Structure formats: structure tokens, C-alpha cells
Amino acid sequence: MTDSKAAAAAPHSNFIRNLVAQDLADNKHQGKIHTRFPPEPNGYLHIGHAKSICLNFSIAAENNGHCNLRFDDTNPAKESVEFVESIKNDIKWLGFEWSGEVRFSSLYFDQLYNFAVELIEKDKAFVCSLNAEQMREYRGSLTEPGRSSPDRDRPIKENLDLFARMREGEFGDGELSLRAKIDMAAPNINLRDPVLYRIRHVHHHQTGDKWKIYPTYDYTHCICDAIENITHSLCTLEFEDHRPLYNWTLNSLDSAGLKRVSDLADSPDTYVLPEQTEFAKLKLNYTMMGKRNLKEMVETEVVSGWNDPRMPTLAGMRRRGFTAASIRNFCESVGVARSDSVVDMGMLEHTIREDLDANASRVMCVLKPLKITLTNISADEVVQLSMANHPKYEEKGRRNVPFTREVYIDRSDFEEVPPNGFKRLIPGGEVRLRGCYVIRCDEVIKDDSGEVTELRCSVDKNTLGNKPEGRKVKGVVHWVSASEGVEVTVRLYDRLFTVENPGSKEYEDYRSNLNPNSLVTLENCVIEPAALSSADESNFQFEREGYFCLDDIDSSASKKIFNRTITLRDSWSGK
RNA sequence: UGGGGUGUCGCCAAGUGGUAAGGCACAAGGUUUUGAUCCUUGCAUUCGUUGGUUCGAAUCCAGCCACCCCAGCCA
């Protein structure tokens, strides 16, 4: 899929893989496996969707099957082409290719309508005049059975007539609905004569103004699955209670009729109905994943947009520097099961570090510059030092790093009064400039307020590529030439929330859990010139700091902006 | 208190009657011109709980407990 050096996570055993293997062994679908990813285009895709995408596409790919992309667009009021486009883009970016053309539930509105007529003719559906509030009353409660609609016994002929007129737009929104005739006393509330069609005089992003009535999810999804010959309809746990309705709908229809409008229309194969299987959706701590939450954060400008690098959206994560491979690996490593679980953010962080450690070129960038003057280097000297782009992979090549009399190191790499175990520069002490010489700090220069403004150091000229004689220098520090380095802006991103479950009802407002330091912008960072010339690379490791990527949305020709994807693991600062 | 689910290490998760995989996290060592990477080692006599069946149970049975989902003309 990519030439990523990080090994792709090996497929793990899970109950869906087992189920599919069993179905294959039983020859249930003549050896065919066909899945689908069915997003509603009412928001951007997030890491939770990625789990479902990876599952559906992988299951298909592993079994020489197919996976469709089908937009479940039955509620036009909430949907838009912007979302359709972003979703297609994100799936492609993740590295998956859907089977054939993009599908839409709305593509099948005519068939869906005809099947509804069939249900009416079979006395399995009726037109109901109860309004929303009345319907709620009639539905009963969790512990009490519901009551039948007064219209439940409306003659078939009249239902047919009314339904046709609903389609023509004769009635206003909510005036009438088409309902399945199942069982108002069913303990499963989804079976208490659920609504199949509602009247909505709204413009649809795919069908325009053709329809005044729109089918509901439960009625639509199963039939679309059947039409597309989906064998395994995978969805999340909350749809478990809907499975009986899924099956009721398909079993209520004439299967020959279903086959006639399906992709198997001309095939002699036995027609097999799709089956729904549920799995637990992905939850991640320190984040909020609900579409409503994400939308609200965008609208109230808690973040800069759907693609804010702190968002768990694929667009946000991509901008943050996450690679598609790392997200795929993450989804594989969290597994697929039926128990509600919350995955630790640390796992996600591990998978991106794993990928970037193997694949990102190393570069030096000083975040908080402290000037060093190397007193025994002449002022006009510029030495190009050749440094490996990766400590382990020679094939990643080398680059030139200019070395001059004045360089910057990070302020945190010098301490006048070092804590125990400090391995960096101290007055009179030595440290190795990474890929360069060992230097000694001879003099500390401060301003009037006592702040250190410059260090005057001397280099040991025998230490370029050599260990110093007669002593050990433990510390290695990154640096950038003051005259050759380029000023850039660096955005330090951190978790958006400070608590594991920011959306928990134990907090009255999730905003109180926002991490005030989730974005820290550093304006005067200095990066080595080579980092800006490798145009084809977007992910870097800034040595000793972390992984960063160029923000190509906000960067300008004169000022480049880098986003921190994730820090390096740090076993020192915690001590 | 109706219906549907789930409970295996701090977090994911395999396991489907033969005596507890793996990953993350954590801890301790080693290597290292990134306090990174890498390597080594450690980390559940026990599978929500109580009983039962069995030569043998995380796996089968029964009860109990905890948690999640469902009363949109959302998906």
C-alpha cells in the first residue's frame, strides 16, 4: 500500500474475520464477500470512521471481495456536497479504493418507493396521520406497550392513494407518514410500527427537488444493501436493536423483486439476503468524537475548523502530520470486538511515532534560540557538514548542514544551575553539537535583568567525527547556524482536553476541560536550510524535539509554519 | 422496572472443554554523537461474582452483580 518502512500491523483474529471465514467455508455467498462503508454526508470523517473504513475495506480485500462507498443521504436537511467531497477525499487519502462508482442511497429512491408500494399492497404498511407528538404518545414506553394508530386499518387502496399524493407534494411536512405495520406491543420499540417515509419539502443535494418524501434509515439501509448485493453489513452496536427491523423489511419484500433491481439481476446465482453484524465503535480518551460535538467545536470556534490539527477528524490529523499508514496500523491494532471500550490515546501516539521514526527525515530546528558564539571559529567561515537524514537507513541520503561562528541552541539545553543528572551545557562544561564538534562553555553573558543572552564557547577541533580524548562527553545538543538558518513559525500541539472523558455528564460544560496549552505558537524558531528545500517531504523529525510537518495551508512563501505532530518519547523530563 | 448487549492485566485484545497470545502503558538493565530508536528482562496460579456439570472450565449450565444501548417523522 505504501513503501512505509514501518511494518504494517499484522491482521489480528477478530470475530468478524472469523465470521467471514466461516461463511466462506460454508459457501454461503458462493465465495463472494461484499461490504460497504455507508457514511451520512453530514460532517467530516473522524478517527472513529477510520476504524469502520479499515474494517470494511480490509475484510473485502483480504477475501478478494469488494467494498462499496455509499452515502446514506436520506436526510437532506443535514447533508451537503461539501461533506460528500471531504469524505471521498479522506477515504482516498487513507489508501482505500471503493468498488465501482460512488453510490448514494438517493440513487435508489425510485426502487425504494416501489418497494414501499409493495409493502402497502401486502398490507404491511399504512399511511398514518398522527403528528410527531401523538406518535410518541402512542408508542408507549420502555415498560409499557404502545397503542395502534387510529389509521392502522386504513384500506389498502386508500393507503396507496395517500402515499402517491404524499409523493406529489399534496401534504405539508409532518402531516402524514408511511409506517410499517408490525407490532405496537413489541418489547423492541423499533418494531412498534416504525416510520418508513416522511414528508420533507427540502432540496436534496443529489436529487434536487424531485422528492417531497424521504425514506428513513431503517427502511433504506437494508434495501440498499440488498440492491448492492452486500453480503456483510457491518455497523456499530447501537444498531443492534434495529437488526430485527432490517430483517423484517427484507423478508417482507419479494426476493425475486429485490434481485431484479440488484447488481445480480442477470446472474443465475442464488439470491442471498445481506446480514447485519455489529461491532463496538472506537472511543478514544482525551477527545470527543460525537459528530454533534465536533460540529459545535467548529461552529463556536473552539478550534479553527474541521481540519484544525487538534481535531480527531482525518482532515485535522492529516494536517497535524499523521500518516495514512499510521492510522491504518492504529485501527488494526485496536482490534474489533463487541465490548464497549475506550482506547488510550497513548496507543495512537505510539503508532504515529512508530511510522515517523522509520520514515521521517531528521533535521535540526531550534525552537527557543540562545545565541552561541564559537570564539575559535572565524567570522567568515561557512563549513558544510554532511549529515545523514536517518540514523539507520543510509538510503534516506545525506544533506549539508552549514556550520558557522554563531549558532543557536535551545535555551532549555543550557542551565547555570543544572538539576541532578543534567546532560546538557553548563558553565565550564562540554557538550556535543550534534553531527559537529564538542564545545565548551567559557563565558555566560547576561543582560541587565539577569537573563542569559549569549554563551561564548570554544570548539575542540579534534572532535569532528571523533570522540574527544581522555574524557567522556555525554550530552548531545541540536543547533542551527545563526547566519544560514531560516526563521520559521512552529506550532506546538498537545491534547485538546485535560481529562480522559471530556464529554462526560459529570462536567456541566466540556469547555471547562479544554487544555489551555493545546496550541502554543513559537514565532522565532530557526531551522536548517535543507529542511525547506526538500519539497517532496512533509514529515520531519526535528532532532530531540519531535515530529513536525509543514502546514501547507497557513505557510506563505516568506514564512513557513510547521505543526508538531507528536513529541519524541521522553524518559528524562518526568524524572 | 420491558427489550437488546457486554464483562479476560492500568488500556486495547486473542482465546470457543485440555491447563491464560500479542500490543500499549509501566519498571529495571544494555547499546547509542537524538535523554529518540533498538535490544534484554519483568509485568493475570487467574478470566465480574457465586454455585453446578466434568478427570479437567475463561470456555458448558444456573443464579447474582456491574456497565452500555433503545421510547427522532436522526443515522
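These numbers were taken from a predicted model, which means no experiment stands behind them. Protein chains get the first letters and strands the later ones, always in sequence-line order, with residue 1 at the start of each.
Partners of A:R471 under the side chain to side chain contact (heavy atoms under 4.5 Å, CB included) rule, at least two apart in sequence or in another chain, are A:E430, A:R440, A:D460, A:P468. For A:C222, the side chain to side chain contact (heavy atoms under 4.5 Å, CB included) partners at least two apart in sequence or on another chain are A:Y246, A:T249, A:L250. By the side chain to side chain contact (heavy atoms under 4.5 Å, CB included) test, A:V480 is found to be paired with A:M364, A:V366, A:V526, residues two or more places apart in sequence or in another chain being considered. In this view, A:V431 and A:L425, A:I439, A:V477 satisfy the side chain to side chain contact (heavy atoms under 4.5 Å, CB included) rule, not counting sequence neighbours.
Here B:C73 is the nucleotide among B:G5, B:C73, B:A13 with the atom lying nearest to any side-chain atom of A:N131. Taking every side-chain heavy atom of A:R198 into account, B:A75 is the closest of B:A75, B:U34, B:G5. Comparing B:C69, B:U34, B:G15 by their nearest atom to the side chain of A:R434 picks out B:U34. Comparing atom distances between the A:A337 side chain and each of B:A75, B:U34, B:A13 picks out B:A13 as nearest. For A:L142, counting side-chain heavy atoms from C-beta on, the closest listed nucleotide (B:G2, B:C73, B:G3) is B:G2. Proximity note for A:R136 (side chain, C-beta onward) versus B:U34, B:G72, B:U6: the nearest is B:G72. Across B:C12, B:U33, B:C73, the shortest atom-to-atom separation from the side chain of A:S341 is found for B:C12. Counting only heavy atoms from C-beta on, A:N18 has its side chain closest to B:U16 among B:C74, B:U16, B:G35. With B:C74, B:A36, B:U37 as the candidates, the nucleotide lying closest to the side chain of A:R200 is B:C74. The side chain of A:D72 has B:A75 as its nearest neighbour among B:C12, B:G3, B:A75.
Contact of A:H242 with B:A75 (side chain to base): a donor-acceptor pair of N or O atoms is detected under 3.5 Å. Donor-acceptor pairing under 3.5 Å, judged by distance alone, is present between the side chain of A:Q541 and the base of B:U34. Between the side chain of A:R432 and the base of B:U33, at least one donor-acceptor pair of N or O atoms lies under 3.5 Å.
In this structure, A:S13 reaches the B:G15 phosphate: one of its side-chain N or O atoms is under 4.0 Å from OP1 or OP2. Listed pair A:T74 / B:A75 meets the phosphate criterion, a side-chain N or O lying under 4.0 Å from OP1 or OP2. An OP1 or OP2 oxygen of B:G72 is reached within less than 4.0 angstrom by no side-chain nitrogen or oxygen of A:T216. For the OP1/OP2 pair of B:C12 and a distance below 4.0 Å, the side-chain nitrogens and oxygens of A:S339 include no atom meeting the criterion. The phosphate of B:C73 (OP1 or OP2) has a side-chain N or O of A:R139 nearer than 4.0 angstrom.
Relative to the ring axis of A:Y214, A:R200 does not place its NZ or CZ within 45° and under 6.0 Å from the centre.
Stacking between A:W572 and B:G35 is shown: the ring centroid lies under 5.5 Å from the centre of the six-membered base ring, and the planes differ by under 30°.
Residues A:Q22 and A:D26 bring a donor and an acceptor atom of their side chains to less than 3.5 Å of each other. There is a side-chain donor-acceptor pair under 3.5 Å between A:R36 and A:H221.
In textbook terms, a nucleotide whose glycosidic angle is within 90° of 0 is syn, while B:G23, being further out, is anti.
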All N/O pairs under 3.5 Å across the protein-nucleotides 18-25 of chain B interface:
from, atom 1, to, atom 2, distance (Å)
B:C24, OP1, A:H350, NE2, 3.2

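With a cut-off of 3.5 Å on both pairing distances, B:U53 has no Watson-Crick or G-U wobble partner at all. Pair assignment for B:U1: none, as no Watson-Crick or G-U wobble contacts are both less than 3.5 Å.
Applying the side chain to side chain donor-acceptor pair (under 3.5 Å) test to residues at least two apart or on different chains, the pairs with a partner in residues 330-346 of chain A are A:R17-A:E332, A:E240-A:R338, A:E278-A:R338.
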